[in-house]
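Report on the following structure.
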Amino acid sequence: MNIQQFQHDLITWFKEEKRDLPWRQTADPYRIWVSEIMLQQTRVDTVIPFYNRFLEKFPTLEALAGAEEQEILKAWEGLGYYSRVRNLQAGVREVSEQYGGTVPDTRKDISALKGVGPYTAGAVLSIAYGVPEHAVDGNVMRVLSRILLIEEDIAKPKTRKRFEEAVMQLISHEDPSSFNQGLMELGALICTPTTPKCLLCPVREHCAAFHEGRQNELPVKTKAKKNKSVSFLMAAIRQEDKFLVEQRPAQGLLAGMWQFPLLEAKADLLPAEAEEILTAVLKGDVDQAEKVISFKHIFSHITWEVEGFIAGGKNMEAPNGMRWVTVREMHELPMANPMKKMIEALKVRGVLE
DNA sequence: AACTCGTGGCC
DNA sequence: TGGCCAAGAGT
């Protein structure tokens, strides 16, 4: 492989064909950092509106450092992987306090920040500071597995190191940013998971898999195991003009998000059974239960099968960790999709505005 | 190393 | 429609 020629072909193509994305309009390390966190396991088209809103609300590192947790969660609502934004804020606060607000420019220092792993460290270093450091994501592993004909399983953690070493051999020291982004852009536009567009590829002459006609066999990636299912009872309990809501635990799935009371329960609950369970668990007078919706919500590793009920409460105190809120107040709270599905069902039913 | 942690789009 | 995926990190 002629490395100089490869760098030139990749970088020239990238500068010519790169998409016009919001985070390519800035040199602000904070903004590039935010984009890299949002883009983790998330599609570009999904990220764009979140990125724009988020930076309108938190335009500077200090603005994010000073925000309330509920505020940042609300800004992240609907994007998923909510620990990302908590870790991002923790990292930002550390930069504010330990580095005077300037994002550090060495792998050692930036990697020590919350939420900044090997990929994000290299991405921010190369894109914001022009440091020749590897930034190996799924795109890069796919692209280089083909170009270099690497047959190791990219689903295995150990394999990433092999690609990091490869990038350090190949990376341009004149333009590390365009080189790293070029590899990712190539993976997104040309060297796609299925049916790569080799005839449009700017580096196909450097590609070992293309020369052997084996581009469709790579990368090697073992399949993920499929997820399990759990049944829940979700209850919108109305008392006067308020509904009972609870905050999820600070750790784990959808940490810190708000929802109608949610209880693990058997499938196909009757309204009477739901009333009985709710009365016992909430230690209150719950009546008039009616089923509103039944839906599946598929997370990456688990599936919720939710049966949603509307019910009435009488002279109930809010149990620990729960609150009575008006509909207006409810909409200020960060809520994940299962809760939103229930709210939508209540709107359809005319229970909610 | 294996598992957790969301969402929406695609075929 | 179910499986797979998309600029990963924390534990």
Pairs where [range] contributes a residue and the test side chain to side chain donor-acceptor pair (under 3.5 Å) is met, not counting sequence neighbours:
| range | answer |
| --- | --- |
| residues 249-263 of chain A | A/Glu246-A/Gln259, A/Arg248-A/Gln259 |
| residues 194-209 of chain A | A/Asp9-A/His206 |
| residues 336-351 of chain A | A/Glu77-A/Lys340, A/Glu290-A/Arg349, A/His297-A/Lys341 |

Identify each atom pair where a protein N or O and an N or O of nucleotides 9-11 of chain C are less than 3.5 Å apart, giving names and distance.
residue	atom	partner	partner atom	Å
C/dA9	OP1	A/Gly117	N	3.0
C/dA9	OP1	A/Gly117	O	3.4
C/dA9	OP1	A/Thr120	N	2.9
C/dA9	OP1	A/Thr120	OG1	2.7
C/dA9	OP2	A/Tyr119	N	3.4
C/dG10	OP1	A/Gly115	N	2.5

Exercise for the section: Sequence neighbours left out, what passes salt bridge (Lys or Arg N to Asp or Glu O under 4.0 Å) with A/Asp287? Give chain and number order. Expected result: A/Lys314
Handout entry: Which residues share a salt bridge (Lys or Arg N to Asp or Glu O under 4.0 Å) with A/Glu305, sequence neighbours left out
Key = none
Handout entry: Residues which pass side-chain contact (heavy atoms from CB on, under 4.5 Å) with A/Ala155, listed by chain and number, not counting sequence neighbours
Key = A/Asp153, A/Lys221, A/Thr222
Handout entry: Set of residues satisfying side-chain contact (heavy atoms from CB on, under 4.5 Å) with respect to A/Asn315, sequence neighbours excluded
Key = none
Handout entry: A/Pro157 side chain, from C-beta outward: closest of B/dG6, B/dA2, C/dG3
Key = B/dA2
Handout entry: ring-ring contact (aromatic ring centres under 6.0 Å, His included) partners for A/Phe243, two or more places apart
Key = A/Phe260
Problem - Partners passing ring-ring contact (aromatic ring centres under 6.0 Å, His included) against A/Tyr129 (at least two apart in sequence or in another chain) - result: none
Problem - DNA chain B contacts made by residues 9-28 of chain A, counting heavy atoms under 4.0 Å - result: none
Please write out the pairs of protein N or O atoms and N or O atoms of nucleotides 8-11 of chain B separated by less than 3.5 Å, giving the distance to one decimal.
residue	atom	partner	partner atom	Å
B/dG8	OP2	A/Asn337	ND2	2.8
B/dG8	N2	A/Arg43	NH1	2.3

